[in-house]
Structures are given as C-alpha cells and as structure tokens.
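Take a look at the structure set out below.
Quick caveat, the model's predicted, so the values are computed rather than measured. Numbers for residues simply follow the sequence, beginning at 1.
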Amino acid sequence: MRLYIFLVLIFSSQFLASQNLNYQSFGIEKSLTEDANAIVRFNEINIQINAIEELIIKKKRVVTVLNKEGNRHINAREWYDESDRIISIGAVVYNQLGNEIEKVKQKDFIDVSAVSGGTLYSDSRLLYFEYTPTFYPYTVEFNVETKTKNTGFIPPWYFLDGYLVSTEKSRYNITYATTDLKPIFKEKNFNDLNIVKTNSDTSITYEANNLKAIKYEELSPSFSKIVPQIHPRMVNFSYEGFRGKINNWEDVGLWMHSNHIINKDELPEYTKEIVKALTRNSTNDLEKAKIIYKYVQENTRYISVQVGVGGIQPISAIEVDKVKYGDCKGLSNYTKALLSEVGVTAYYTHVESGSDKISFETDFPDLWAGNHVILAIPYDNKWYWIDCTSQVHPFGFIGDFTDGRQVLVIKPEGGELVSTTSYLNEDNYQKTEGSLSISDDTNIEASIAIITTGIQYDNHFILKDKTAVDIVKHYKDNWRNINNLNIKEYNFNNDIDKIQFTEKLTISALNYGTKSGDRLLFSVNAFNQNSYLPNRYRNRQFSLEIQRGFLDEDEINIHLPENYTLEALPNAINIETDFGSYAITFDKTDNGKTVVYKRKLFVKEGEYPKERYEDYRNFRKEVAQNDNLKIVLIKK
C-alpha cells in the first residue's frame, strides 16, 4: 500500500510539473473566444538598446489555436543573417488542460533560406516550427532571443495579429542605455482601448489586455489603418556600420544618398555610347527618358538581390549592366545612371507599394519606410514616375501598385516627400460601344469596342500578352450572363502614348433571350452588367472606404428581329447619390427597328461614416437590378 501511494505521488508530481495552469483553454474569458480562430494569450517583446551598435531582442509568444484557420497564427519563426543572430529559440506545445505534449529545441526547428521565388540570392534565413495538430484547442509557447549590430530598424508592435484573432495580454518594453539612444514613438489607433503606457528614465513600456477579435468588413480601411500599433524609430542609429542621425525626411534622404546611392552610377563606355546614340535625335528630356525606359525594359529583368547592405543599398549600375538583371533598387539606380548619361535628371525614390494606398507620414521620418523603389523624373514642373521592374507598363504609368501616395524622393541635398500620380474617379474610365442583333430564335451577333484608361487600363492591357485560350476564358468569365458565348474574332491596340487600351471583338451566342408565347425577353445590358452587391452587416464597426473611383459609359445599338416590335420602351433611370451616380436611357431609331441603349455608372472615391454603408449598399443594389433590366418584344 505504501509503495502504491508512493508511485501515485511520483506520477502526480511529474504530471503537475509538466502542466501549466495558465495555458488551460477552457478558462479563457468568453469575450476573447467570440469571432476568434486563435487567441494570443501572452505576447511580449523586450528590446534592449545597449549601444549604437548593439540591440538585443527577447520575444515570448503564447497562442491558443481554436480551429484549423487559427494554425497560421502560431508564428513560431525568426529570420536571421550574419548581422542578426539568433541566441536561443524554442517552443512548447500544450493541450487544452495545459499539459505539455511536445518540447521543441533549436535543433528541431526547420532551417531554410528566406529566398522567395523572385530572389536570385540572399543571405537571409528562416528558422520556423511547423506543428500538425491532432486536436483543438491547443497552445504553443514560443521563445526567441536575437542580437544585432543594426539599430536603424526597431520592430513595430501590433496589439492584434489580424482579423479573427483576440489578444489576452500584450506587452512591449524597450530599454536604452543612454538618452542619446532613446527612440521616438508613433502611436496609432489607440482610441479608447485599454493600452497603458509607463515611462522611466531608461525605459518605455506599453501594455494592453483583453482586446477582442476584429471581424473583417468589406470596403473597410485596411487592417493596418485599424489595428492599434506603435512604431519606434531611432534618432541616432547604425546600419551595417553606417551611422546616422535623423530628425526629418531631409535627413533620411541625405543619409541614403551619401551612404548608399552616391558613386554607384558608373557605366561601361560601350553602354554610354549606346544610350547616346539612341537619344541623339531626341528633342527634349522627356523623349530621352522614354527611350531609356524602353531600353531598360528590353534589356534587363527583375530578380531580387538581398545580401548584407543589399537589403537597403542598390547594386552598382555597372554590375546591373553586366548581368542584365537587378531588384527594384538595382534597376532604379541603373536607369537613373543611364538617364544621367544623356542629361536627364532622375531621383531614386522610396515608396510603400501595394494596392492599399499607404503614404509616408509627414511628422514621422523613418529610415525603413517603404518596401519598393521607383524613379521620379521632374520635367516641365511635373513629376513623371517609372517603375523600372516592370517590363510591360508604359512610361509614366504606375497603376495601382504605387499610385496616389506620399513617397520619399531622394536628392543629393536630402529627402523630399512628394505625392505620386493619383488616378481619380473619371480617370479610371471604360467606354463600351457597339451593336447587337438579336434574331427571332433569340440568338445574337455583336460587334463591340472597349476602351480603357487609368486603373481600368491596368486591368485590361495585360490581355495583349495572354494566350488565345486565356483570352477566350477572360471574356467568358466577364460575360457569364451570355450563355453559349462564341468569340469569333478579337484584336487589341495598346496606345502607350495615350495610355489607352482598345479591345475590338465580334461575338455570337445561342439562346441569349427567352420566349413566352408571342413575347421575346432579353437583358438589354449584355456587355457590362455590374452585379456587385456589398455584404450586409447588422452592426457595422468600421467606416466605408472606396479607394478608387471609376466611370463606365456604354452605348449599344440593339437591332430587333424583323417580325418583332417593342411592347413598351422602358423608362429612363437617373440615380444621384453621394457615392456616385447611375443613368440609363433608351431611344428608338430606324423606324423602331433599333433601340439605342446608353448607360453611365460613376462611383466616387472617398471615405464615409459607417452609418452610410447601408446607403451605399442600396445604391449598388439599384445598379445591379437595373443592369439586369429586360426588354420585352412582341410578335407583330
């Protein structure tokens, strides 16, 4: 009996030793599990700035995963290279009772190159732990410590991971050895959340508790504009041995130019002769710039290069000329060097790229602002922008990747914030015109021309490089409302001077309409039905944001069958709202044998209060209903 009791006690003590009561899943507050795929139980980062060239970061992260969708929020990973070293790393997995079920040491982490598909070579690597669960919920505790000589970048902090993830406790702590090393912070989206900030002579701490999960809402601002966050930056810093001091954007540009861009524009003599010959007969700098841009598009290709200082410094122009490839930094610097050789001024420019328009903030100069480099060319009191990684975009057209945002133009005398081209509302234009004939057996034949500019051009001009199979698929997907669609002929014209794309097609289709006795019914809008209807939200939380407006105009001549006539001509429709407008008209010509259908849909860019969302939804609902309007013909 004594032996039995002894064994039970031994087993119990071992069980308790491997159990962490804090990681039990069933005790989590209900408000944190609502609308959540995962819960960040504890997320802490401790940053020690010991010297201008010594930064130590310790992270501890505990995540309870509730379902399959939550697996990606474990985030048990760390990047490293020669400058950023991992001191220690490990993870522990617990079941829903808080019992330890797996312990992961550094040797158990997967070690891979952090090279993406578009990267030729990189010294950046990634250690990560990938867990395949057999049950839910489960909890992962992740710990890592890193050390770097680079203080130019200090990690920002987001108190929520993403949509459908709640946070139980989040803590950000930074200590600095001297006041010269004290960072500056930018706080965003704190609102009335319970985020507590404490200061001492050598440290700053932020702490947040019990932040509920956010559900995604269609047409809301991007997550980065919603989530509570802090962004630190150093005034005095070092990056790969290059020291600097930043108080404004001018300083950022000056540091970049003097340390990483200057003296990288050397070119071989034979290339100098080539570009001079190409531009010899050019009448102005803009014409020269277009020729050089075309030369770069035809003679180089994009491949990312991220080694050492290459994370921020472009490879030299002479190296790009030799290998005929480069990343955004290298290609921009190379093009800048070519332009300089023929007397055209261009500036290396940092931008935050992506479909979301994210601008650099006037009051927060940041060395690491931006994820992409383009070129700015001043000419005749106007800025022209080119993305030297693109082999397809016309000169001066940047599309929705870098449009309408503040960027950092880097000049020899310093940096300057400038706004890139905005494609506003009517700039994003589509004109559809043509004729359609419908037979008494409801088959149709049509000739259509579609002209696009602005962002709509960006969405269409890529058709010119697609295969015939993909082109046919594109139109069948776009015109799903036309059954049995047959693309008989198509041709494209890409006007790179006007930045305008024209599509001309002839099509046919069987059984487009329906018959009912002596009547024939068919949808009058065959080629631009807009059926989009935003989701409904009973209690919307965020504002409505329309990032890019557009204008569609349509004019179609509809030829009726000989033995049919209109039963009645539909009434004209005109809708005016704060979000845009919609209008359609019908006119009879050719003694009633032809109906001229005209349509105009305008959607306006802007941000509106969440209370207006349902009004916008009603506007789009009316558009969708009227775009499906049918004409009724009756047999003579």
Side-chain angles (χ1 to χ4, degrees), residues 79 116 118-119 122 124 150-156 158 183-184 186 188 222-225 229-235 237 239-240 242 244 246-262 264 302 304-306 308-315 326-336 346-377 383-390 398-412 414-422 547:
W79 282 264
S116 66
T119 304
S122 170
S124 180
N150 295 325
T151 54
F153 173 74
I154 299 178
Y158 294 82
I184 295 172
K186 177 84 172 181
K188 295 184 180 179
S222 64
F223 187 76
S224 65
K225 296 178 183 178
Q229 59 200 267
I230 47 178
H231 292 263
R233 71 168 184 86
M234 298 286 285
V235 175
F237 66 90
Y239 177 75
E240 296 297 331
F242 296 93
I246 288 175
N247 289 305
N248 49 52
W249 285 109
E250 185 178 341
D251 291 343
V252 177
L254 188 60
W255 183 84
M256 273 297 304
H257 186 271
S258 58
N259 291 301
H260 301 294
I261 299 173
I262 196 170
K264 287 191 169 292
Y302 170 80
S304 180
V305 180
Q306 305 287 341
V309 191
I312 196 170
Q313 186 180 94
I315 58 176
D327 59 12
C328 63
K329 302 182 296 296
L331 292 175
S332 295
N333 181 67
Y334 177 59
T335 308
K336 176 177 173 291
Y347 298 115
Y348 191 88
T349 300
H350 283 179
V351 57
E352 184 69 27
S353 63
S355 57
D356 280 335
K357 299 178 184 179
I358 299 177
S359 290
F360 296 168
E361 299 179 59
T362 306
D363 63 346
F364 196 71
D366 187 359
L367 175 65
W368 283 92
N371 58 10
H372 190 49
V373 174
I374 58 177
L375 274 192
I377 301 171
W383 289 102
Y384 290 84
W385 309 94
I386 54 175
D387 189 329
C388 303
T389 66
S390 174
I398 52 177
D400 64 1
F401 195 55
T402 54
D403 66 320
R405 63 202 77 188
Q406 281 205 322
V407 300
L408 180 65
V409 174
I410 298 171
K411 302 178 179 180
E416 178 186 353
L417 290 186
V418 178
S419 292
T420 58
T421 304
S422 291
Q547 280 224 348

I398 side, atom CD1; S390 side, atom OG - distance, nearest 0.5 Å: 11.5 Å
Charged N to carboxylate O under 4.0 angstrom, K186 versus E361? yes
In Å and rounded to the nearest 0.5 Å, what is the CD1 to CE distance from I246 to M256? 10.0 Å
Between S359 and Q406, which heavy-atom pair has the shortest distance, and what is it? OG-N, 2.8 Å
With a 4.5 Å limit on heavy-atom distance, are the side chains of Y334 and K329 in contact? no
Taking every heavy atom of A376 against every heavy atom of V409, the minimum-distance pair comes out as CB-CG2, 4.2 Å
For the backbone of W368 and the side chain of R233, can you confirm whether one donor and one acceptor N or O come within less than 3.5 Å of each other? no
Knowing that exactly one of Y348, Y347, W385 qualifies, which makes a side-chain contact (heavy atoms from CB on, under 4.5 Å) with I374? W385
Please report the shortest heavy-atom distance between T420 and T402, naming the atom on each side. OG1-O, 2.8 Å
Determine whether H350 and F360 satisfy the following criterion, ring pair (Phe, Tyr, Trp, His ring centres under 6.0 Å), listing intermediate values before the conclusion. CA-CA 9 Å; H350 283 179; F360 296 168; 7.5 Å; no
How far apart are the closest heavy atoms of I410 and H257, and which atoms are they? CG2-CB, 3.9 Å
Where I312 and L367 come nearest, the two heavy atoms and their spacing: CD1-CD1, 4.3 Å
Could you walk me through whether K357 and D403 satisfy the side-chain contact (heavy atoms from CB on, under 4.5 Å) test, starting with their C-alpha distance in whole Å, then the side-chain angles of each, then the deciding distance to 0.1 Å, before giving a yes or no? CA-CA 7 Å; K357 299 178 184 179; D403 66 320; 3.6 Å; yes
Exercise: do N371 and S353 side chains pair donor with acceptor under 3.5 Å: yes
Between atom CG of N248 and atom CG of D251, what is the distance when rounded to the nearest 0.5 Å? 4.0 Å
Look up atom CD1 in I261 and atom NZ in K411, then write down how far apart they are to the nearest 0.5 Å. 13.0 Å
Would you call I358 and S224 a side-chain contact if the rule is heavy atoms closer than 4.5 Å? yes
For F237 together with W255, are the ring centres under 6.0 Å from each other? yes
Which is it for L408 and L417 under the side-chain contact (heavy atoms from CB on, under 4.5 Å) test, yes or no, and what are the steps along the way? CA-CA 5 Å; L408 180 65; L417 290 186; 4.2 Å; yes
Smallest separation among heavy atoms of W79 and S124, with atom names: CD1-OG, 3.8 Å
side-chain contact (heavy atoms from CB on, under 4.5 Å) assessment of Q313 paired with K264: CA-CA 10 Å; Q313 186 180 94; K264 287 191 169 292; 3.3 Å; yes
If you measure from CG on D327 to CG on N333, what distance do you get to the nearest 0.5 Å? 10.0 Å
